[in-house]
Amino acid sequence: MTGNDVRRKFLEYFEKHHHQIVRSSSLVPHDDPTLLFVNAGMVQFKRLFLGEEKRGYSRATTSQKCVRAGGKHNDLENVGYTARHHTFFEMLGNFSFGDYFKEKAVDFGWDLLTNGYGLPADKLWVSIFLDDDEAAEIWHRQIGVPEDRIVRFGEEDNFWAMGDTGPCGPCSEIHLDRGEAYGCGKPDCALGCECDRFLEIWNLVFMQFNRDASGEMTPLPKPSIDTGLGLERMVSILQDVPTNYDIDLIVPIIERAEALSGIGRNASHEAEVAMKVIADHSRAAAFLIGDGILPSNEGRGYVLRRIMRRAIRYGRNIGLTKPFLHETATVVFDVMKPEYPELAEAEAFITNVIQNEELRFSETIDYGLKLLNETLDEMKVRGETVVPGDVVFKLYDTYGFPVDIVQDVVRDQALGVDMDGFNVAMDRQREQSRQVSSFDEISDAFRTLTADGFKAEFRGYDGIEAESKVVLLVSDGTEVTEADTGAAVDVVAEVTPFYGESGGQVGDVGTIAGPQGKVDVTDTVKDPTGLIIHKGRVVEGALRTGDAITLSVDEDKRRATQLNHTATHILHAMLRKVLGDHVKQAGSLVAPDRLRFDFTHFSQVTPEELDRIEWLVNERIRENAPVTIDEMDAEDAFQSGATALFEEKYGDRVRVISLADFSKELCGGTHTDRTGNIGLFKIISESSVASGVRRLEAITGNAAVEQMQHTHHIVRDAARMLKDTPDSLLQKLEGVIAGQKSQEKEIERLKAKIVGLQADDTADTIQKVNGVSLLVKRVAVDTPGALRDLADRYRDKLKSGVIVLGSAVDSKVLLIAVVTKDLTDRFHAGNIVKSIAPVVGGGGGGRPDMAQAGGSKPENLDQALKKAEELLSGD
RNA sequence: GGGGAUGUAGCUCAGUUGGGAGAGCGCGGCGUUCGCAACGCCGAGGUCGAGGGUUCGAGUCCCUUCAUCUCCA
């Protein structure tokens, strides 16, 4: 049975038992800021379990993409060294939302394992929570598992909780005894042993309590089921192979690594580890990038970067010094194509991103090697043989140069590394970073409201005004019953026409009028549960909870925003048409005054392409296509080929926005009703955001017309100033610039000439003191540079001597002292200016042969020069 | 969220108590050559990331800010 068969069989089994097959959600969790990546099957159903969300089914089954790296669950450092750790894996699961409970869950699990997958019932063990007698009863009486194969474990192993508070409950795990051959051989080897004999394969969570802040647990009215069966692990059992890395979903990746390196995975322990790391990380990288994450220096992108770099580093251990990860990732597409066709579609983009990262990392390594070698050279000069730990740490911490590569290099040169020192520095850094991190907390008031089942109704698709009632007022993060004039306030209403910021479209602005007061709404946001919060300030009277209110959206701004939003959809479609199907939306901002669109593309969009895109978008606008909006089931929408975005969350009912036959997108935003309303579309900039992602900014409607007029005025006025027509403006400007250049040159030449003339006029001022030529003179130049030039000329003339020049410019004084090289042992230019500069109220300094100074008392310049003469004569 | 580093010519970078903005490669012109490569000579190209401060004077010191890199959480 292939891995893909195992997955299919699971989903089909539960579909047969009236479960909705739900597609895997993106690896990026949409509404959970505390979670870096989706790491379990239940994540996308969290709000269903909490009762905050309802969907059209009460039973579901999924094969969920999961990543465990970088967050609370971090298996990154284990991958390669164990049989079953992954950063990326798939979790099969069946879920009941207040439908069936323990009995059926146990029944399904056992039936599928024994009858479906054909596992021997007498090799299956079951663990349950200490006092969950109900579960024990079901397993023993209903299923017939002998009592000696039912084991009770404590809270650590068999009690599950979503967090410190919320739904929780006991769980029950099904284990498989693979026989002594897989065991550690110890006499006390039994279920729970760390070895590979007893494999935990399926975890059934019985969600039956709700735990409050005080720790008290109350029974849930509708208990639920959440189960998790690791696909890779299950496949390894059914294919009867020793590790997850021997299954047909992964072996092809390893085989590619073997082919590329020319080394077999069994060649050495090192090779074995490297192959596993490469196989796992290739999968993680392919899927993470496929879900829209790009390598970066923070957050999710940084975790992705670390995963890729870890793979590259291990690749070096088996001689893969050139970029290879994009090749092993290609195998991932082939293997996973049946279940994840969208991954294969993005192949070009994903491999490109990986290759870029490989090149970037090799730059990091090259630079680190350079720094390391410099350090080693210095050490050798000093006769040291151990690289200090803080040096290694600095290379790692600041330049990202991996420690194991330091060790390789150092070993080759028969030197040592102070790893203890490194670890001390590392621990210090950890300690330092572990200071409590405070992240934005959603006010408790909002949370309570949502938990009580309140749902604000959005009525802004059809109108911009609504009558409603104040449900909640929050000021300074705490709930209030009244907000007075001047107070900043967050308002929640029963119904609202205000669009809360989401999907790139900014929140509406407008006013809320109550019986005794008015609030200016400056922004509208949507919290993760969909609660619409109006943010504003009371500008008149006061607003109280329960007030009847009229909510009015600023019409002009909303309308402008709608034009930009519809234009964004047209732009998206035309980008794909002009640049290719690899173009995918990577971010979007739709504001009243402009739109910004980030998308995946490998190179700069040429000016010609930009023109063509702009032209096509405007053509679509002139077609005046109707904007049709359909609400439908998400599955139907996907089937119909509507474009969905990876960073967006979609419920089961979605809105599909269609523009004639050229655009069909899932979108919750507000749109204009015909493309012709947009009027005019103008691109105003094209830039890069990250490698592989470009950004376009554009304007529409009035803003676009104003922009055109503005630039037209500039050209017209410029032409008028140059007494020319706009068409020949550029030619004219070229001439003007050329003329200016030559004049500047002429000025330079003349200045030099003037300086030369001044320099010629010196005979009378050169004095001979003790055989040394001295020139002390007041001159008329206006910049330090000119003064230097002049001094240089004198020096060239004198061949040997000391020159001190001074010049008064406005309220400032410039001084310079030059000593020819042959005299620097007797005179120090720096000391000369230092001693005379105070006379003009300044200071100065410089090199022995040249020094400058300045001052703010021009009236004392002659006095200062006199002092210089005395100083030099007195030598 | 906390730390470290970098930002100077188209590119790679140098710039040492604060005192003439530089190198190599690339680019343009000329020369040598039948031609090319190579070489020689000449030349263009810089808001020293941005803003503020200290100073007579800031690429250099201080503060703020942006961008990039990097480690930790």
Side-chain angles (χ1 to χ4, degrees), chain A residues 33-34 36 69-72 74 76-77 295-303 305-306 309-310 357 359-368 370-371 374 390-403 422-423 425-441 687-691 737-738 741-742 744-745 783-793 795 806-819 828-834 836-858 860-861 864:
Chain A
T34 62
L36 216 46
K72 215 177 299 168
N74 187 359
L76 185 58
E77 296 306 319
S296 90
N297 53 352
E298 53 192 27
R300 299 185 176 108
Y302 181 55
V303 176
R305 173 168 283 171
R306 274 168 57 185
R309 293 192 170 186
R310 187 164 185 265
E357 183 59 24
L359 292 174
R360 212 180 243 291
F361 188 43
S362 73
E363 282 170 19
T364 301
I365 290 181
D366 289 345
Y367 191 67
K370 188 182 136 195
L371 292 175
E374 281 169 11
D390 59 343
V391 171
V392 181
F393 181 73
K394 168 125 180 149
L395 278 168
Y396 175 66
D397 182 58
T398 303
Y399 303 103
F401 191 68
V403 179
F422 172 81
N423 289 326
M426 196 75 217
D427 289 342
R428 195 165 48 227
Q429 145 106 318
R430 284 212 177 90
E431 204 45 53
Q432 199 179 0
S433 298
R434 204 167 288 153
Q435 315 295 0
V436 272
S437 59
S438 66
F439 46 90
D440 279 355
E441 274 290 320
S687 57
S688 159
V689 188
S691 86
I737 290 168
K741 269 242 139 73
S742 79
E744 274 170 10
K745 283 211 154 147
T783 65
L787 192 63
R788 269 193 313 264
D789 285 344
L790 188 54
D792 283 349
R793 284 186 166 263
R795 187 186 55 203
S807 173
V809 189
D810 300 329
S811 60
K812 290 270 174 75
V813 178
L814 300 173
L815 289 172
I816 190 168
V818 169
V819 177
H828 190 290
N831 292 341
I832 296 170
V833 295
K834 262 184 197 145
I836 64 169
V839 180
V840 289
R847 307 188 308 256
D849 62 318
M850 204 287 296
Q852 286 170 270
S856 50
K857 295 180 184 161
N860 290 351
L861 176 56

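Chain letters run A, B, ... following the sequence lines, proteins first, then strands; residues in each count from 1.
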Taking any strand in view, what nucleotide pairs with [N] in a Watson-Crick or G-U wobble way, both distances under 3.5 Å?
{"N": "B:rU64", "value": "B:rA50"}
{"N": "B:rG35", "value": "none"}
{"N": "B:rG20", "value": "none"}
{"N": "B:rG1", "value": "B:rC72"}
{"N": "B:rC41", "value": "B:rG29"}

Can a donor-acceptor pair under 3.5 Å be found between the side-chain atoms of A:Q429 and the base atoms of B:rG2?
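By the distance-only test, yes, there is a pair.
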I need the [atom1]-[atom2] distance between [X] and [N], as an integer number of Å.
{"X": "A:K857", "N": "B:rC56", "atom1": "NZ", "atom2": "P", "value": "11 Å"}
{"X": "A:R430", "N": "B:rC72", "atom1": "CZ", "atom2": "P", "value": "7 Å"}
{"X": "A:R360", "N": "B:rC69", "atom1": "CZ", "atom2": "P", "value": "5 Å"}
{"X": "A:H828", "N": "B:rU17", "atom1": "NE2", "atom2": "C1'", "value": "12 Å"}
{"X": "A:L359", "N": "B:rC69", "atom1": "CG", "atom2": "P", "value": "14 Å"}
{"X": "A:R310", "N": "B:rC71", "atom1": "CZ", "atom2": "P", "value": "14 Å"}
{"X": "A:D397", "N": "B:rG2", "atom1": "CG", "atom2": "C1'", "value": "11 Å"}
{"X": "A:M426", "N": "B:rC71", "atom1": "CE", "atom2": "P", "value": "9 Å"}

For the [atom1] atoms, the ones on [N] and on [M], what distance do you get once it is rounded to whole angstrom?
{"N": "B:rG45", "M": "B:rG4", "atom1": "C1'", "value": "35 Å"}
{"N": "B:rU68", "M": "B:rG29", "atom1": "P", "value": "38 Å"}
{"N": "B:rG18", "M": "B:rC63", "atom1": "P", "value": "15 Å"}
{"N": "B:rC56", "M": "B:rC72", "atom1": "P", "value": "47 Å"}
{"N": "B:rA14", "M": "B:rU8", "atom1": "C1'", "value": "10 Å"}
{"N": "B:rG22", "M": "B:rC30", "atom1": "P", "value": "27 Å"}
{"N": "B:rU47", "M": "B:rA21", "atom1": "P", "value": "15 Å"}
{"N": "B:rU17", "M": "B:rU55", "atom1": "C1'", "value": "14 Å"}

From the options [options], select the nucleotide whose nearest atom is closest to the side chain of [X].
{"X": "A:Y399", "options": "B:rA5, B:rA21, B:rC71", "value": "B:rA5"}
{"X": "A:D792", "options": "B:rC72, B:rC71, B:rG20", "value": "B:rG20"}
{"X": "A:Y302", "options": "B:rA5, B:rA21, B:rC71", "value": "B:rC71"}
{"X": "A:Y396", "options": "B:rA5, B:rC72, B:rG20", "value": "B:rC72"}
{"X": "A:K812", "options": "B:rC69, B:rA5, B:rG57", "value": "B:rG57"}

If you assign A:Y367 and A:M850 each to the RNA chain B nucleotide with the nearest heavy atom, which residue ends up on the more 5' nucleotide?
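Its nearest nucleotide lies further toward 5', so the answer is A:Y367.
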Of A:Q852 and A:T364, whose closest RNA chain B nucleotide lies nearer the 5' terminus?
A:Q852
Heavy-atom distance under 4.5 Å between the side chains of [X] and [Y], does that happen here?
{"X": "A:R788", "Y": "A:V818", "answer": "no"}
{"X": "A:L371", "Y": "A:Y399", "answer": "yes"}
{"X": "A:V819", "Y": "A:H828", "answer": "no"}
{"X": "A:M426", "Y": "A:Y396", "answer": "yes"}
{"X": "A:R309", "Y": "A:T364", "answer": "yes"}

Students often get this wrong, so: under 4.0 angstrom with heavy atoms, is A:R309 touching a base, only sugar-phosphate, or nothing?
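Result for A:R309 = sugar-phosphate.
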Just to be sure I understand the rule, does A:A851 reach a base, reach only the sugar-phosphate, or reach nothing, if contact means heavy atoms closer than 4.0 Å?
nothing
If you look at every heavy atom in A:V833 and A:I816, which pair is closest and at what distance?
CG1-C, 4.4 Å
When rounded to the nearest 0.5 angstrom, what is the spacing between CZ in A:F422 and CG in A:L395?
10.0 Å
